[in-house]
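A quick write-up on the structure given underneath.
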There are 2 protein chains.
Amino acid sequence: MVSIRYYPLMLKSPVALLDLVDRLASLMRAEFRRVGAEAGLMPVHMQALMFLDQVNRFSNTPQALAEYLGLTKGTISQSLLLLDRRGLIERYQDEVDKRVVRLRLSSLGEAFLGQANPTELWQVASRDVSANRVRYSVSVLRAILYEVQAQREGPPFGVCHTCVYCQRKSQRIYHCILFGERLSGPETRKICREQTPKSGHLSAGE
Amino acid sequence: MVSIRYYPLMLKSPVALLDLVDRLASLMRAEFRRVGAEAGLMPVHMQALMFLDQVNRFSNTPQALAEYLGLTKGTISQSLLLLDRRGLIERYQDEVDKRVVRLRLSSLGEAFLGQANPTELWQVASRDVSANRVRYSVSVLRAILYEVQAQREGPPFGVCHTCVYCQRKSQRIYHCILFGERLSGPETRKICREQTPKSGHLSAGE
DNA sequence: ATCATAAAGTATCGATTCAATACTTAAAAA
DNA sequence: TTTTTAAGTATTGAATCGATACTTTATGAT
């Protein structure tokens, strides 16, 4: 009996999209390898540095990085050890929960990232794609990402200001009902692990 | 204690798109690892099997696979050896150029792919995304992929029937000018290493 | 309060990928 | 023919990565 395994490579097929995502990631991984090779760093190290460069002070933990990359905390711990030995990151204990280790780029790490510029190839390659098309694709991929994480019972990681718990108090002040914390405007545009989307903010589109 | 983890969000930026591509690929890689683990296969083995399932008869070589995944031929050779030992693929010499090894899935390999179904998670996750939105995103990512390949001077690896060398002779007969061979309809829906996109299939949009 | 359980992180070990290098064979070019 | 290039394999060594066990701290139950 012949089973249907894959849809043929038709442009409408989600599998075609998966192929592209996979292939682009493979090539960028090779690029990260190339860029990091001079400094003796592996692709996963470059990804960790880029993660720490972009994440805010509430998400800079080994566990969050492990979830982000789909690796185990033990594996990540090793990569972070190497980055620490090279002086590219700094680790410090969380004040409230003393089990938690917080991470940040060192000045050396920031300098290295700025000089190595691992996303340059991607930025050059997407130079001629309009902001609209980028935004549209981002919304599609994020919808899929949301579902992938839901399937695997991972944290939802949705946008804060589309969450039912996010309430606007005044012009510049937001408040999260769930955690009872005040949020700045920029913070509400980041992704929250506990996000619960309002209706009309998923999959249907922009 | 409940913790909040924020992740950055830059809707219009190409780097945001790269983040999503990278992250989705990381999670799918973890999924491939999970699916292949029962059979003792690594993510790269799953990717190789999926590649062989989708590639046309001009591109089913170790070299093509290496370029597709951004790895060296020596690395790929090892992965293929394992798949051969497991009886999941078959290797045979090319008739014309005897240096070339051709690859195909064995019936066991096909059965395994059908049963393991590594893309199931992705298909479920993208179930509610419309065909139009998928197609739009595919066109955006393909444009970026084409530029990445151009920058790195690698072959583009596109779908046959969007290629300038693919010409329709009659209702069911196609012809590849580059290879000078006749193509069946299904064949034109596979991935080809030498694909050169027609104008209107890149960057400008659909 | 006390004990049990869970969570964050680290250490260690083994398996496997992956790059680098050298080598073989065959094709192409001189 | 001779030389050079290309496809593929074998070997070796480094380093990722998962699994497991362990430490420390936080949380929950009795």
*asked:* Considering every strand and a 4.0 Å limit on heavy-atom distances, what is the contact class for B:Arg102: base, sugar-phosphate, or nothing?
replied: nothing
*Any residue of residues 79-93 of chain B with a heavy atom less than 4.0 Å from an atom of DNA chain C*: none
_Test side-chain hydrogen bond (donor to acceptor under 3.5 Å, both in side chains) applied to B:Arg99 - qualifying residues, sequence neighbours left out_ = B:Asp97
*Minimum-distance nucleotide (side-chain atoms of A:Gln78 versus C:dT17, C:dA11, D:dG8)*: C:dA11
*Apply side-chain hydrogen bond (donor to acceptor under 3.5 Å, both in side chains) to A:Arg91 and list each qualifying residue two or more places apart in sequence or on a separate chain.*
A:Asp84
*Which listed nucleotide (C:dT16, D:dC17, C:dA8) is nearest to the side chain of B:Met42?*
C:dT16
*List in chain and number order the residues that pass salt bridge (Lys or Arg N to Asp or Glu O under 4.0 Å) with A:Arg86, two or more places apart in sequence or in another chain; answer none if no residue qualifies.*
none
_Distance, rounded to the nearest Å, where B:Gln47 contributes CD and C:dT17 contributes C1'_ = 12 Å
_According to side-chain hydrogen bond (donor to acceptor under 3.5 Å, both in side chains), who are the partners of B:Gln93, at least two apart in sequence or on a separate chain?_
none
*asked:* Please report the distance, rounded to the nearest Å, between CG in B:Leu69 and P in C:dT17.
replied: 13 Å
*Any donor-acceptor pair under 3.5 Å linking the side chain of B:Trp122 with the backbone of A:Pro14?*
yes
*Which whole-number value in Å describes the distance from B:Leu71 CG to C:dT17 C1'?*
9 Å
*Could you check how far CD of B:Glu67 sits from C1' of D:dA7, rounded to whole Å?*
11 Å
*Contact under 4.0 Å: B:Arg33 side-chain N or O vs D:dC17 OP1/OP2*: no
*Rounded off to whole Å, could you give me the CZ-to-C1' distance for the A:Phe32 and C:dA19 pair?*
19 Å
*N or O in side chain of B:His45 less than 4.0 angstrom from C:dT17 OP1/OP2*: yes
*May I ask you to decide if A:Arg133's main-chain N or O and A:Ser137's side chain share a donor-acceptor pair within less than 3.5 Å?*
yes
*Under the side-chain hydrogen bond (donor to acceptor under 3.5 Å, both in side chains) rule, collect the residues that match up with A:Thr119, sequence neighbours excluded.*
A:Gln123
*Inter-residue atom distance B:Leu141.CG - A:Leu141.CG, 0.5 Å rounding*: 6.0 Å
_Please enumerate all residues that pass side-chain contact (heavy atoms from CB on, under 4.5 Å) together with A:Glu110, with sequence neighbours excluded._
A:Leu105
*Stems in DNA chain D: runs of 3 or more consecutive Watson-Crick or G-U pairs, distances under 3.5 Å?*
C:1-30 with D:1-30
Atom pairs and distances, side-chain donor-acceptor, residues 40-52 of chain A, under 3.5 Å, sequence neighbours left out:
residue : atom : partner : partner atom : Å
A:His45 : ND1  : A:Met42 : N            : 2.9
A:Gln47 : NE2  : B:Asp22 : OD2          : 3.4

At a cut-off of 3.5 Å, list every protein nitrogen or oxygen paired with a nitrogen or oxygen from nucleotides 28-30 of chain C, distance to 0.1 Å.
none

*When B:Leu80 is tested against each of B:Thr75, B:Leu103, B:Val101, B:Leu88 for side-chain contact (heavy atoms from CB on, under 4.5 Å), which residue passes?*
B:Leu103
_Contacts of A:Ser106 that satisfy side-chain contact (heavy atoms from CB on, under 4.5 Å) - sequence neighbours left out_ = A:Glu90, A:Leu108
*asked:* Without decimals, in angstroms, what is the distance between B:Gln63 CD and C:dT25 P?
replied: 20 Å
*Taking the side chain from A:Ser126 and the backbone from A:Val129, do they hold a donor-acceptor pair closer than 3.5 Å?*
no
*Supply the atom-to-atom distance A:Tyr92 OH to A:Asn60 CG, rounded to the nearest 0.5 angstrom.*
4.5 Å
For nucleotides 20-23 of chain C, give me every protein contact, N/O to N/O, under 3.5 Å, one pair per line with atom names.
none

*Give the rounded distance in Å between these two atoms: CG of A:Asn60 and P of C:dA8.*
14 Å
_Spacing between B:Leu103 atom CG and D:dA7 atom C1', to the nearest angstrom_ = 12 Å
